[in-house]
Each structure stands twice: as C-alpha cells, then as structure tokens.
Enquirer: 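This structure is in structure tokens; I'll ask about it shortly.
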Amino acid sequence: MSGNESRVQAIYQITNREPMALATPEPLSKIWACDVFNLAKMEESLSKNAFKAIKNTVQTGAPLDAATADIVAAAMKEWAMSKNVKFFSHIFFPMTNITAEKHDGFIVTNSEGAAITEFTGSLLIKGEPDGSSFPNGSIRMTNAARGYTAWDPTSPVYIMHTDNGSTLMIPSVFMSWTGEALDKKIPLLRSNNAMNKAAQKVLTLMGETDIAPLNSSCGAEQEYFLVDANFANSRPDLLLAGRTLFGAPPAKGQQFDDHYFGAIPARVQVFMQDLEDQLYRLGIPAKTHHNEVAPGQFEIAPYFEAANVAADHQQLMMTLLKTTAKKHGFVCLLHEKPFAGINGSGKHVNWSVGNATQGNLLDPGSTPHDNLNFLLFCGAVIRGVHLFGPLLRAAIATASNDHRLGANEAPPAILSVYLGDQLENVFQDIKDGKLASSEVGGLMDLGLSQILKFERDPGDRNRTSPFAFTGNRFEFRAVGSSQSVSGPLIAMNTILADSLNWIAGELEAQLGKGVKQDDAVFAVLKELMNEHGNAVFGGDGYSADWHTAAVEERGLKNIPTTADALPAFREESVKNLFKNTSVLSPVELESRYEVYAEQYILSIEVEAKLMVEMAKTSIYPAAISNLFELSSTTSSMAEMGIEMDTSVAKSIATETNAMMAAVEKLGAALERDDFASIEEHMQYSANEIHSLMDEVREHADLLETEVADDLWPLPKYREMLFIK
Ligand code: ADP
Ligand code: MG
C-alpha cells in the first residue's frame, strides 16, 4: 500500500468495528482465584500435617522438607490436571523488566511406552532453564552459564490459560550456581527481611513485646494507552519501540480535559471487563479503572497486597494487558511517553510496611504511643529519601521514563518528600524543638494531642511530588509505567531498613543515657530533621523556582537522564547500603549497573536506527512524491501562463533536505563505538544521539503538517488518539 491507503483502510476498519461480545459475566464468588492453588485449595487437598508445614513456609518463608514438597507437588499436579493442564513452568523475573518462562510437560513415558505423568517436589522446587541468554552483567561467563530457578512458596502457583493451552505457573527466583541473585525477586525478598530486622529493633526499643514479622505492601496504579491495532500495525515505531518516533501534535490535545474521568468508550469497557475477569481468576484484586488525562489513556489499580505477591501480580497484569488488548483489536502501550507532547504514563507505587501486631506503621495511630512509632517510621523514610535520593532516581531510570520525568505533567527528576501540611508542621515543630520535652509543663501533651488530632488529608494530594505521603502510605510517583515495581520496592525497603538501623542505634544511645522514651524519640527525630529535613517539600514540584531552589538552596540533585542516574549504583554509600543490609553484594549490584546501562544504550540505539529507516523509507518518499506532483503541476500551469503558489513546495523541499541531512548525521553518529567507558557511552546516547534524533524529528514533524494528507504514510496523532 502506498500513501495513506493503509490509514484510510485502518479508519474504515475501526469505525466499523463492534465491541467484542463477551460471555455473560460470572459472579465474583465463582471465579475469584479459581486458577490459583492458594492456601485454601491446599487445605482442601492436603493432610493436616502437610498443610501445617506448607502454611508455615508460605507465611514465614521457613524451608520446606523434601517429603512435604513431594506431597504438595502431587496435590498441585492433581489439581492442575483436573483442569486439563499438561505443562508446568517456573516463571521468573530477570534483571530486565520482562517475565521469563520455561515450560515442561508433566509427561514421562514408562518402559512400555505408556505416557504417565510426574511432578515431584524437586521439580516443583528447582528448575534449570538455560539461562545463558539472560543479561547477567558480568556475574556469569556465558560458557559457564547455568542459572537455576527455585520456587518462591510465598507467591502462589497458578494456571495461565492461553490460546495455545494452559500451563501451571510456578513463581520462582533465578540465581547463579554460585548463589548470586540474577533476578528482581531475590533482592526484593532480602530487602523485606532487612526492613523486618531493622523494624524489630526499633519496635523493641519502643517497648513493644509482641512483634509479628513485618512485611512491605504495595498497590501499584498502572497507566496505559490503547491504540487500535490497525493504526499500530502501520507504525513500525509503535511496534518496535513502543512509542512514536515521529508525529506532529494534534490540533486538539488534552487541553479540554474532557477525557479524564469521562465515560469510558464502549470498546474499552468491554476490554476492561474481560481483563478484570482474567485477573480475578488469577486472584489479582483489580479494584479501580478509569480514563486518564490523555485521550486514549487509562488506568487500572488493584487493591494492595504483600509486596512480593504484588510485584508478581503486577508483572502478570502487564502481560494480560497486552494479550487482552490484542484480543480486542487494540495494542496496549505501556511505554512512559508514547506520544510526544501528550501526557505520559506512570506507575504510582503505593508502599507501606506493617505487621499483624502493630498494624501499618505508616498509619498515624490512635494513641500517643502509636503516633511515636509512626513518626519514627515516617522520619526514617524522610532520612532515606534525603540520603539516597539519587538511588531512588536510579531505581526508576530507563530510557523510556526519561521522556516523561520532568516533562510538565510528570514528577520532576529531583527526589523530595511531600508530607502534607499537617504532618509537615509536626516535623517542623520537632525540628524547631517545639515538640521536644515533657519537662516544660504541658508542652509535651500539647504536642502529642496535636499529633493525635492528625487527620488524613486525602483531598490535598500534591500531584507534583515524586514521593508523597498519602495518609497511610507513601506513593512513589516517578516510577515508569513499563517498569517492574520490584526495583523501586527494593530501594524503598532497603533505605527504610538503613534508616531504622540508624534510628535504633540513636535511640539505644539516648535510652542508655537514661533519657525517657518520649524525649529520646523527639531528640532522635530532631537530629534527623536537622540533617535531612531538606528533602521535605510541599510546594509545586513542577515550578522552575523549585528546580533552582532544590539544587542551589537545598543541595538536592536534579538528575535528568538515566545516563546521569545509573552511576549512583557505583557510589560507595550505595554499595555499603546494600552490603550492610545484605540485600545485594557489591558484585550483584555492579551486575545490575551493567545490565541497566547496556539496556539504556541499546534501547536508544534501536530507536535511532529505526528512526533513520523510517525517515528514509517512509517519510522521504512521501515528501518526494508530493514534490513531484507539486512541481509538475506548477510547471504545466506555468506553460499555460498561470503562476502557482510555490511556498508549500519550497518549504517541503527545504524541510526534506534538512531532515535528510540530520538523518545522515544520525546514521554517522551511530557508527561510533570507541567509548572509553560505559558512562561515556551512556552520555553519548543521552546527548549526541538524542539531540540528533530530536533534529530529525523536528523536520519530519514539520513535513507532516505540509505534505498532502493523502500521501502521508503514518497514522497521525489525531487519528490514533481520537478515532475509537
Ligand atoms: P489514587 O487516588 O492515588 O489514584 P487509587 O485508589 O487509584 O488512588 O490507588 C491507590 C492504591 O494504593 C491502591 O492500589 C490501593 O490499594 C493502594 N493502597 C491503599 N492503602 C495502602 C497501603 N496501606 N499500603 C500500600 N498500598 C495501599
Ligand atoms: Mg496515585
């Protein structure tokens, strides 16, 4: 097809589409977790003793003995086979943001050639994918490459149905033979342990005697775009890079705010219903869905769960968003900035820590004592964000998220904490010594009752902050929509663990001097605020003033690109943080740095190459055809003595030449490979390659506004965003 024929056909197809008919929805009670082998199903099918053992493992992470593992595996197989499942797979999360699987059949044949099925405890517990093709930094030489996967019993197994059959999926960790973590799950589990240990110390010093294990929780709000597959299929950039590399802004963008919380289009509604039914079957508590700010943009948020399970579920949700969209004739774009100039997509990671005995430690309590615990945990977060802001920035650094951060609708690339007026005042009073002593009659009481009256102010949520307290949790808003939530969760748990360890040390010293508990808490928090209060910011994070003040007055860092952010992984303080908390060894940390840096360079390279190709093979020919038409008509008309306007032809010629000159430069820039270090290479991608890409795009987008519409080869923004 030439010219805009594919666009015309796409529009025809789309406007004549009917929403897919769905089967009558089943009641929630019938489908909820029906494809999950959870504790309830284990209880039904296991002996009392076996169930007790596995329950203990699931709830506390205690090791499972081989005999019980065999019994559990047999019950699992029976349950899966009763649902017509013939394959199983360990599913794991390598250092990239992807999900990896290796499928095996339950089938074995016996000496008579009959097919029997087998699934033992050891098959359940351990798998050996040929992991050599997963990025591992420099941990494993590929010739010695054998990683293995091991079941994580704290995340339940489930059945994944696809058009190609159903598979029993076993959530697993992925490690090298030498025991190094090659994935995102191991450090997440370790960070949770570190946080638990540190929190236990603080709570014990606070006089708590009954302290259940603490766990972190996560509720992630996922933003995404839906574009009709007919359009996406004619855009190589959307298919290969997940975002448009070209595209002039539509006359109508999101200026009217008429999409946000507006009625959800019928086709999308059907898609959401289908998606949610699948999520419910997998025990994923999808709770809210709505339109987002940009046209064609939506959000889905499940109810929060234990961080480890939430992370697995989040990964599964991203997979299902894509496969379900396909079924409904859409392409789901999880990219952070699919359309330049249009609102980008984030993933707000809501995070809290708590346990069965003390509850949510980030929830202001109803007694003065609970409030002291709350203030300590909250203070610990403030300290962590201040000390390790660059690490948090690095944890969300990807080529795609760079397009969104710091744009005018997304959090800035400066890490600060928003507390809300009330809580900010409390911490300010602590800092100023107004909430310090119980000796001055009544002052302490005043202080505590002031805190006691602390009310959540969910209304006033500062949308411009990258890291905000929202009543009973922190919300990390700078996380990108396509990212795994594990990285940010690991960073948050680990900095919290470090701060709680510091607080425990300080508290212990104060208490050792005979200082009363309340006074000790305030003394520690006062010191903490003196050192780290600069990270607290309640104003407009988008404003230019903040960008200056944060850096010049507060000493915070503005870290615009991944190239600037990732080197945080090599900082001594960060190495020590991960080492001291036993979350990542220096080797494991370094391997992550290398993998992320390589991915960054690679994704920019892929986009740049694609850009060169599209400019040469789609846009240039369209411009030339148009010039041919215009020039031949103009000269024929001149022969007839009629002078035609040539301004458009001239402008197209100028822009085409300028675009091709930029393409030439970009192509040449991509040839360079003599980099002294990976940092230098990243900076080159972030600066040289990026600015040449911007240059190519600028001319191409101008061409889009001048070349005849019937010759333009790529679906336009207005079509992709507004035709449903
Ligand atoms: P928003 O107004 O920010 O869009 P949503 O209701 O869409 O809020 O999403 C909030 C998310 O935070 C949900 O996933 C919710 O379950 C989660 N959440 C609520 N309380 C907690 C908590 N204590 N810890 C972690 N996540 C929580
Ligand atoms: Mg939110």
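Note that the coordinates shown come from a computational prediction; the quantities given were computed from them, not determined experimentally.
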Enquirer: I'd like to check K557 versus R393 (side-chain heavy atoms, cut-off strictly below 4.5 Å). Are they in contact?
Expert: no
Enquirer: Mind listing the closest non-hydrogen atom pair of Q222 and S481 along with its distance?
Expert: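 That closest heavy-atom pairing would be NE2-O, 2.8 Å.
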Enquirer: Between the side chain of R404 and the main-chain N/O of N343, is any donor-acceptor distance below 3.5 Å?
Expert: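 Pair absent, no side-chain N/O of R404 close to backbone of N343.
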Enquirer: So, D701 side chain and G247 main chain: donor-acceptor pair closer than 3.5 Å or not?
Expert: yes
Enquirer: Before giving the answer on side-chain hydrogen bond (donor to acceptor under 3.5 Å, both in side chains), spell out for N576 and S573 the whole-Å C-alpha distance, their side-chain angles and the decisive distance to 0.1 Å.
Expert: CA-CA 5 Å; N576 288 334; S573 62; over 6 Å; no
Enquirer: Answer yes or no: does atom NZ of K201 have more than 12 heavy-atom neighbours from other residues, nucleotides or ligands under 6.0 Å?
Expert: yes
Enquirer: Is there a side-chain contact between N493 and V583 (heavy atoms, below 4.5 Å)?
Expert: no
Enquirer: Would you call R672-E688 a salt bridge at under 4.0 Å N-O?
Expert: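 Judged by the 4.0 Å cut-off on N to carboxylate O distance, R672 and E688 do not form a salt bridge.
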Enquirer: Name every donor-acceptor pair, under 3.5 Å, that has one atom in a side chain of residues 529-537 and the other anywhere in the protein, sequence neighbours excluded.
Expert:
{"unit_1": "N530", "atom_1": "ND2", "unit_2": "K526", "atom_2": "O", "d": "3.4"}
{"unit_1": "H532", "atom_1": "ND1", "unit_2": "H386", "atom_2": "ND1", "d": "2.8"}
{"unit_1": "N534", "atom_1": "ND2", "unit_2": "R554", "atom_2": "O", "d": "3.3"}

Enquirer: Does the side chain of S691 come under 3.5 Å of the side chain of D694 through a donor N or O and an acceptor N or O?
Expert: no
Enquirer: Taking the six-membered ring of F304 as reference, does the cationic atom of R473 (NZ for Lys, CZ for Arg) lie under 6.0 Å from its centre and within 45° of its axis?
Expert: no
Enquirer: Do E336 and S482 have a side chain donor and acceptor closer than 3.5 Å?
Expert: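 Yes, S482 and E336 have a side-chain donor paired with an acceptor closer than 3.5 Å.
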Enquirer: How would you list, by chain and number, every residue that makes a ring pair (Phe, Tyr, Trp, His ring centres under 6.0 Å) with F427, sequence neighbours excluded?
Expert: none
Enquirer: Are more than 12 heavy atoms from other residues, nucleotides or ligands located less than 6.0 Å from atom CZ of F675?
Expert: yes
Enquirer: Measure the acute angle between the ring planes of Y596 and F569, then classify it against the limits of 30° and 60° as parallel, tilted or perpendicular.
Expert: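 Correct class here is tilted.
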Enquirer: Any side-chain donor paired with an acceptor under 3.5 Å for S216 and N192?
Expert: yes
Enquirer: With a 6.0 Å cut-off on the ring centroids, do F374 and F469 count as close?
Expert: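 Yes.
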Enquirer: Parallel, tilted or perpendicular: which describes the rings of F476 and F467, with under 30° parallel and over 60° perpendicular?
Expert: tilted
Enquirer: Side chains of T398 and Q599: donor-acceptor distance under 3.5 Å anywhere?
Expert: no
